[in-house]
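Below, chain A is the first sequence line, B the second, and so on; all start at residue 1.
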Protein chains: 2
Amino acid sequence: MKKNNKPQKVRAISIEKILNAAQDEFILQGYKGATVQSIADSAGLPKANVLYYFKNKENIYHAVLEQTLNMWDEGIGDIEAHDGPKVAIEKFIRAKVAMSFNNPKASKIYAMEIIQGAQHLKDFARTYQRQWVREKAKIFKCWIDNGEMKQVDPVSLIFLIWSTTQHYADFDSQILTIMNRADYEDDDIEHVTNFLTDFILRGCGLKQ
Amino acid sequence: MKKNNKPQKVRAISIEKILNAAQDEFILQGYKGATVQSIADSAGLPKANVLYYFKNKENIYHAVLEQTLNMWDEGIGDIEAHDGPKVAIEKFIRAKVAMSFNNPKASKIYAMEIIQGAQHLKDFARTYQRQWVREKAKIFKCWIDNGEMKQVDPVSLIFLIWSTTQHYADFDSQILTIMNRADYEDDDIEHVTNFLTDFILRGCGLKQ
DNA sequence: CAAAAAGTTGACCTTTTGGTATGTTTTTTC
DNA sequence: GAAAAAACATACCAAAAGGTCAACTTTTTG
């Protein structure tokens with residue numbers, strides 16, 4: 001009587017349904033506020049079935065976080081020395097803005113974790129991110145020393161790019177309300193990318 | 001046997017203790033995750049006493065939010081036409097950075113509300129903030145038309161300033177971890193203010 | 001100083017929630 | 001096609017949570 005789902009895929013499909021539902025619930029209610037029942041309802045499964053795939057609520061959350069971090073990792077873009085500052089920064093901004101608009105939920109989960117003290121992400125920040133920032137800061141420093149760009153604190157610059165790009169995902173409800181709009185449209189990605197690229201390159205003394 | 005607190009102040013003191021405790025709890029656990037018991041413990045009062053001052057958890061939350069919005073309102077700084085773009089923008093950035101460093105908790109409560117869809121803040125954004133942004137955007141437009149600053153989309157600029165300044169409050173745990181520091185120090189406010197002012201003024205074509 | 005108002009508190013009740021136990025159905029394997 | 005594994009589902013339980021109650025103490029008021 002059941003639909004003939006591709007065999008061996010039931011697990012994968014159920015897990016995906018659960019994780020999607022969980023992502024929504026965790027954003028809307030926070031970790032403690034989200035209930036296994038609501039995740040189950042939202043995923044269209046009985047609660048016991050959800051707990052069949054994930055031992056408990058914390059495991060669901062860990063899975064959601066892991067998914068989020070993978071996305072962060074892929075979406076971060078890169079800053080490559082051989083591109084030179086202008087191209088590298090533009091590429092980086094473009095990647096982050098695209099990521100924000102295409103994956104706002106991941107950005108929100110991530111933001112809430114950090115706001116709440118990053119209990120589950122301290123290690124990630126301490127090892128991976130710290131390393132990443134140092135590496136990229138070194139590249140900026142080279143460019144500055146070579147006179148390829150203005151003297152701008154590289155770490156502060158990275159934080160500035162992170163904050164301005166993520167803002168469009170995390171604060172979408174505020175932005176849309178203020179602009180009296182219901183949803184982002186396709187143009188918006190391009191418009192925001194252009195604005196930020198332009199503005200930040202100028203801030204770095206790389207334009208006009 | 002009780003300490004001789006200034007008469008008529010018991011209420012005010014208790015309420016303040018409760019709201020401070022509640023602010024911490026709501027940040028750490030979210031609205032649904034925070035428990036009246038934990039707020040009471042954190043405030044050093046029995047639960048029944050907390051519920052004597054606030055009918056229920058939602059009322060506590062409303063009170064915290066109201067406090068937060070008042071702070072936002074006071075801390076927003078202003079953008080005044082007669083200052084001219086350079087001074088006005090610098091004043092504005094300085095006010096917002098100070099606000100972030102001095103009131104990170106308010107900023108976090110506010111951020112969490114918006115990330116979660118701004119259920120309780122939609123009205124605030126729809127009326128007050130939208131109006132504020134339009135007003136200030138008009139001032140920027142004047143400056144641009146007068147050739148006093150580069151052609152920069154005013155609304156995007158406001159969002160950029162909001163995001164970059166609030167970032168230091170909301171994401172403090174990430175920033176500190178990456179920089180391998182335990183806490184912000186006094187210098188940091190000044191350093192961040194200078195960096196942002198410098199960078200943003202240059203982005204607006206108002207410097208070098 | 002006595003009555004009223006304000007504040008304090010432990011006990012209690014109901015609902016919600018995370019999680020388990022157990023049995024049934026479906027799918028896969030051999 | 002039967003045995004084994006995976007998936008599904010109902011009922012249930014103990015702990016936690018929001019909130020009420022009623023009694024008690026302290027403070028204020030006239």
Side-chain angles (χ1 to χ4, degrees), chain A residues 1-65 109 112 116 119-120, chain B residues 1-65 109 112 116 119-120:
Chain A
M1 225 47 50
K2 264 287 162 74
K3 251 189 299 179
N4 191 5
N5 281 323
K6 280 175 194 166
Q8 264 143 333
K9 293 279 168 164
V10 187
R11 183 178 202 84
I13 290 173
S14 287
I15 287 181
E16 206 197 314
K17 277 197 289 189
I18 292 169
L19 288 182
N20 278 337
Q23 201 180 32
D24 289 338
E25 284 300 315
F26 285 132
I27 290 173
L28 235 51
Q29 312 282 0
Y31 172 70
K32 277 191 76 176
T35 69
V36 179
Q37 186 66 62
S38 67
I39 292 171
D41 289 348
S42 177
L45 299 169
K47 183 174 77 161
N49 202 351
V50 169
L51 289 167
Y52 166 73
Y53 285 107
F54 298 90
K55 301 269 167 292
N56 52 40
K57 187 163 87 164
E58 217 190 326
N59 278 338
I60 305 178
Y61 188 64
H62 282 325
V64 169
L65 261 191
I109 290 273
M112 286 187 59
Q116 296 189 335
Q119 294 307 324
H120 302 83
Chain B
M1 225 46 48
K2 261 290 162 73
K3 253 188 299 176
N4 191 6
N5 281 323
K6 281 175 193 166
Q8 265 142 333
K9 294 279 168 164
V10 188
R11 184 178 202 83
I13 290 173
S14 287
I15 285 181
E16 207 197 314
K17 277 197 288 191
I18 293 168
L19 288 183
N20 278 338
Q23 202 181 31
D24 289 339
E25 284 299 316
F26 285 132
I27 289 172
L28 235 51
Q29 312 283 0
Y31 172 70
K32 277 192 77 177
T35 69
V36 178
Q37 185 65 63
S38 67
I39 292 171
D41 291 348
S42 177
L45 299 170
K47 184 174 75 163
N49 202 352
V50 170
L51 289 167
Y52 167 73
Y53 285 105
F54 297 90
K55 302 269 166 291
N56 52 39
K57 188 163 86 164
E58 216 190 326
N59 277 338
I60 306 178
Y61 188 63
H62 282 325
V64 170
L65 262 191
I109 290 274
M112 286 182 63
Q116 297 188 335
Q119 293 308 324
H120 302 83

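Here A:S38 does not reach the OP1 or OP2 of C:dT16: none of its side-chain N or O atoms lies under 4.0 Å away. In this structure, A:R11 does not reach the D:dA6 phosphate: none of its side-chain N or O atoms is under 4.0 Å from OP1 or OP2.
The CD1 atom of B:I13 sits 15 Å away from the C1' atom of C:dA6 (whole-angstrom rounding). Between the NZ atom of B:K9 and the C1' atom of D:dT28 there is a distance of 16 Å, rounded to whole Å. One atom, CG of B:N49, and another, C1' of D:dT25, lie 12 Å apart when rounded to the nearest Å. C:dT8 atom C1' lies 12 Å from atom CD1 of B:I18, rounded to whole Å. Straight-line distance from the CD1 atom of B:I15 to the P atom of C:dT8: 11 Å, rounded to whole Å. What separates CG of A:D41 from C1' of C:dT16 is a distance of 13 Å, to the nearest Å. Rounded to an integer number of Å, the gap from A:F54 CZ to C:dG18 P is 15 Å.
A:M112 pairs by the side-chain contact (heavy atoms from CB on, under 4.5 Å) definition with A:Q116, B:M112, B:I115, B:Q116, not counting sequence neighbours.
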Across nucleotides 15-21 of chain D, 5' to 3', mark each nucleotide with B, S or - according to how protein heavy atoms within less than 4.0 Å reach it. --SBBB-
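For A:Y52, the listed nucleotide lying nearest its side chain is D:dA6; candidates were D:dC8, D:dA6, C:dG7.
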Sequence neighbours left out, cut at 3.5 Å: what donor-acceptor pairs do the side chains of residues 48-60 of chain B make with other protein atoms?
| unit_1 | atom_1 | unit_2 | atom_2 | d |
| --- | --- | --- | --- | --- |
| B:N56 | OD1 | B:E58 | N | 3.3 |
| B:N56 | OD1 | B:N59 | N | 3.0 |
| B:K57 | NZ | B:Y31 | O | 3.0 |
| B:K57 | NZ | B:K32 | O | 3.3 |
| B:K57 | NZ | B:A34 | O | 2.8 |
| B:E58 | OE2 | B:H62 | NE2 | 3.3 |

Using atom types as modelled, flag every donor-acceptor pair under 3.5 Å from a side chain in residues 14-29 of chain B to any protein atom, sequence neighbours excluded.
| unit_1 | atom_1 | unit_2 | atom_2 | d |
| --- | --- | --- | --- | --- |
| B:S14 | OG | B:V10 | O | 3.3 |
| B:D24 | OD1 | B:K105 | NZ | 2.9 |
| B:E25 | OE1 | B:S38 | OG | 3.1 |

